[in-house]
Amino acid sequence: MSKILILAEHAAGKLAAATAKTVSCARAIAEHNGADIDVVVFGDHAEQVSQQAASLHGVSRVLQCEHADFAQPLAAHLAPELAAMAADYTHILAPSSMFGKDVLPRAAALIGVNQVSEIMQVLGEREFKRPVYAGAAIIRVSVPPDCKVVATARTASWPAADSADATAEIVKLQTQAEHPQHTRFVENTNAGGDGPDLATANIVISGGRALASSDNFAMVYQLAQQLGAAVGASRAAVDAGYVPNELQVGQTGKIIAPDLYMCFGISGAIQHITGIKDAGTIVAVNKDADAPIFEIADIGLVGDLFEVIPALQKKLA
Amino acid sequence: MKVMVLVKRVIDYNVRVRVKSDASGVETDGVKMSINPFDEIALEEALRLREAGHAEQVLVVSMGSDACQQQLRTALAMGADRAIQIATDAALQPLRAAQLIKALIEREQPGMVLLGKQAIDDDNNQTGQMLAALWQRPQATNAAQLEVQGDSVRVTREVDDGLQVLELDLPAVISTDLRLNTPRFVKLPDIMKAKKKPLDVVQASELGDADDSLDLHIDDWQAPPKRGGGIMVEDVDALVSELKSRGLV
């Protein structure tokens, strides 16, 4: 039987959806030979988040570890804690968010193992599928028998575990490691859009370089607002400065799986496509009938986005 | 300060990668190879640190067979002062790569190590964090801006909901994101000059035992499943009725 520890991601008293997705990945591992699934919450005040984690279906126990140093989740502080806890577990998992990608490899090195990045499918307790080359290839990765499995779950590949009626036990845990003082948090600056979170939104409206300016992107925001959607963008649009970095979708931005993805003026480079191919329905609007985005779109429309978007707004009003 | 930059030889960003029919890997015969684009950004940043007077020397390091000397020469042509190839024919996984670099760091004593946030071949995003762990030094991943202030560096990182600023004591490991800078083009005279710059070869075996018992076993390379069955619609009316009939809006 496996013993799985999941590193919880949270902010402002809320457990991130990425954590519930990681629980689903852990449950897929548990299907092979059974597993206890523990979630560890590090925070300066972690009670609220621990309760949310305890309600997730499949979670056996929540470990609540509070310390003033955890007010901000720094890899230099969290990785040694995870490494100290690893002795009791066969698997350590984290979401493949920026947070998980930052912390987990540092913990893996302290534990002395390689990490499996971006599990998209579980084949066995120690055997997984994951994408490489921006999704141009899918490989099978097996962890050697003597090594702990340290892995990130590709969030776009897993549904969020639902909340159960029963709640798991919450155990308070003391910190177990030294926290180096060589890394200091200064500040967070958020662009602070009011709309839904791009990583978890059901509908995403994206724009590309063809929008041609930051001002024109307002149309994308308006359509998104109308549909209750999050806004995304191609790398080209981000590089051109039309929208902030955190809206980038693709290999080096966010990998998302909304029910509906509508993109305007995005040609469909493989690096972008890898970020959206788990979407339920992909709608593409592009002036160029030969754009590669049409090869993967479920519904395609050849047209000028500057005419299509206003027409859509009117039709959907 | 000496800045060490790690560069990896990868299939060029513009190549359409194809899986071999025997599922043993991807086609590399006759395929253009380049410096991993994120590592190129790391190198550019190191060169700018030198130009701003924060660094005296930019040392570029690559690990692999002699073929990676080609990427080291490109890095020298971009402006690096010295290059070291850690020679090995093994396909290094991130932990082993980090162990070798850690051993080289003991010899070279850099004040900062810069590398790309991920390599565009294995998309692992691990080596920098692992190196920082083994070296017991600070890390800042996904750097979008960095500013050296005496014995520390202030790094603006790209995170999921915006930007985060950290202050790190030096030496530190910093992995670079797209928006940090735009790498310079290499000029022809610089390619000629680069041929005279020092490129040393260090055998991986000199830096530690070749222990591959921790390696993940990788096989069964497959092309991703294709999305199919898409349709084209004529106009916005048809698009909206299609979306409505599928219950999407």
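The sequence lines fix the lettering, A, B, ..., with proteins before strands; numbering per chain opens at 1.
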(Q) Taking side chain as everything from C-beta outward and backbone as N, CA, C, O, which of these in B:A98 sits under 4.5 Å from a heavy atom of chain A? Side chain, backbone, both or neither. (A) neither
Q) Which distance, rounded to the nearest 0.5 Å, do you find between the NZ of A:K101 and the CD of B:Q118? A) 6.0 Å
Q.
Under a 4.5 Å cutoff for heavy-atom pairs, which residue among A:R184, A:R126, A:Q72 has the most contacts with chain B?
A. A:R184
Q. If you look at every heavy atom in A:R106 and B:A132, which pair is closest and at what distance?
A. NH1-CB, 3.3 Å
(Q) Counting heavy-atom pairs under 4.5 Å with chain A, which one of B:D121, B:L243, B:D220, B:T127 comes out on top? (A) B:D121
Q. Which bit of B:R16 is near chain A, if near means a heavy-atom gap under 4.5 Å: side chain, backbone, both or neither?
A. side chain
**Q.** Among B:L134, B:N125, B:V19, residue most engaged with chain A (heavy-atom pairs, under 4.5 Å)
**A.** B:N125
Q) Relative to chain A, which of B:E167, B:Q99, B:Q164 shows the most heavy atom pairs under 4.5 Å? A) B:E167
**Q.** A:Y133 side, atom OH; B:I11 side, atom CD1 - distance, nearest 0.5 Å
**A.** 4.0 Å
Q | Leading residue by heavy atom contact count with chain B [cutoff under 4.5 Å; candidates A:T281, A:T252, A:V285] | A | A:T252
Q) Side chains of A:P131 and B:D123: does their closest heavy-atom pair fall under 4.5 Å? A) no
**Q.** Structural part of A:Q226 lying under 4.5 Å from a heavy atom of chain B
**A.** neither
Q: Look at B:V17, B:V10, B:V249 and state which one has the largest set of heavy-atom pairs under 4.5 Å with chain A.
A: B:V17
Q.
What residues of residues 171-183 of chain B make heavy-atom contacts with chain A at a cutoff under 4.5 angstrom?
A. B:L178, B:R179
Q: Determine whether more than 12 heavy atoms belonging to other residues, nucleotides or ligands lie under 6.0 Å from atom CD of B:Q136.
A: no
Q: Using non-hydrogen atoms and a 4.5 Å limit, figure out which bit of A:V308 sits close to chain B: side chain, backbone, both or neither.
A: both
Q. Hey, are the side chains of B:L166 and A:V186 touching, using non-hydrogen atoms and a 4.5 Å cut-off?
A. no
(Q) Between A:K254 and chain B, with a heavy-atom cut-off of 4.5 Å, which part of the residue counts as in contact: side chain, backbone, both or neither? (A) side chain
Q: Identify the two heavy atoms, one from A:N114 and one from B:M130, that lie closest to each other, and give their separation to 0.1 Å.
A: CA-CE, 4.1 Å
(Q) At a heavy-atom distance under 4.5 Å, which candidate from B:A23, B:G128, B:P94 has the highest pair count against chain A? (A) B:P94
Q: Please determine, among B:T141, B:I231, B:D215, B:D122, the option with the most heavy-atom pairs under 4.5 Å with chain A.
A: B:I231
Q: Among A:V113, A:V116, A:I139, A:T183, single out the residue with the greatest number of heavy-atom pairs under 4.5 Å to chain B.
A: A:I139
**Q.** For chain B, the option from A:P144, A:P105, A:A75, A:A76 that forms the most heavy-atom pairs under 4.5 Å
**A.** A:P105
Q: Look at A:N245, A:L260, A:I282 and state which one has the largest set of heavy-atom pairs under 4.5 Å with chain B.
A: A:N245
Q) If you look at every heavy atom in B:P224 and A:G135, which pair is closest and at what distance? A) CG-O, 3.1 Å
Q) Under a 4.5 Å cut-off applied to non-hydrogen side-chain atoms, are A:V132 and B:W221 in contact? A) yes
Q: Go through the atoms of A:E307 and report whether side chain, backbone, both or neither lie under 4.5 Å from a heavy atom of chain B.
A: neither
Q. Among side-chain atoms of B:Q129 and A:D102, is any donor-acceptor pair under 3.5 angstrom?
A. no
Q.
Does any backbone or side-chain atom of B:F38 lie under 4.5 Å from a heavy atom of chain A? Answer side chain, backbone, both or neither.
A. side chain
(Q) Tell me which of these, A:D146, A:I203, A:V238, has more heavy-atom pairs under 4.5 Å with chain B than the rest. (A) A:V238
**Q.** Within 6.0 Å of NZ in A:K14, more than 12 heavy atoms from elsewhere
**A.** no
Q: Would you list the pairs meeting side chain to side chain donor-acceptor pair (under 3.5 Å) in which at least one residue belongs to residues 239-249 of chain B, sequence neighbours left out?
A: B:E242-B:R246
Q) Is it the side chain or the backbone of A:A137 that comes within 4.5 Å of chain B heavy atoms, both, or neither? A) both
Q) CG of B:L216 to CZ of A:F128: how many Å apart, nearest 0.5 Å? A) 10.0 Å
Q | Exceeds 12 heavy-atom contacts within 6.0 angstrom, atom NZ of A:K315 | A | no
Q | Contact origin within A:L316 toward chain B - heavy atom pairs under 4.5 Å | A | side chain
(Q) Any donor-acceptor pair under 3.5 Å linking the side-chain atoms of B:Q126 with those of A:S117? (A) yes
Q | Interchain contact, B:K117 with chain A, by part (heavy-atom threshold 4.5 Å) | A | side chain
(Q) Suppose a student defines contact as a heavy atom less than 4.5 Å from any heavy atom of chain A. Which residues in residues 143-160 of chain B would they list? (A) B:S152, B:R154, B:R157, B:E158, B:V159, B:D160
Q: Find the distance between CG (B:D161) and CE (A:M98) and round it off to the nearest 0.5 Å.
A: 10.5 Å
Q. Just checking heavy atoms, which of residues 232-240 of chain B are less than 4.5 Å from chain A?
A. B:M232, B:V233, B:E234, B:D235, B:V236, B:D237, B:L239, B:V240
**Q.** Under 4.5 Å from any heavy atom of chain B - which part of A:L227
**A.** side chain
**Q.** Heavy-atom side-chain proximity of A:R130 to B:N124 below 4.5 angstrom
**A.** yes
Q | Atom pair CD (A:E127) and NE2 (B:H217), whose distance is rounded to the nearest 0.5 Å | A | 8.5 Å
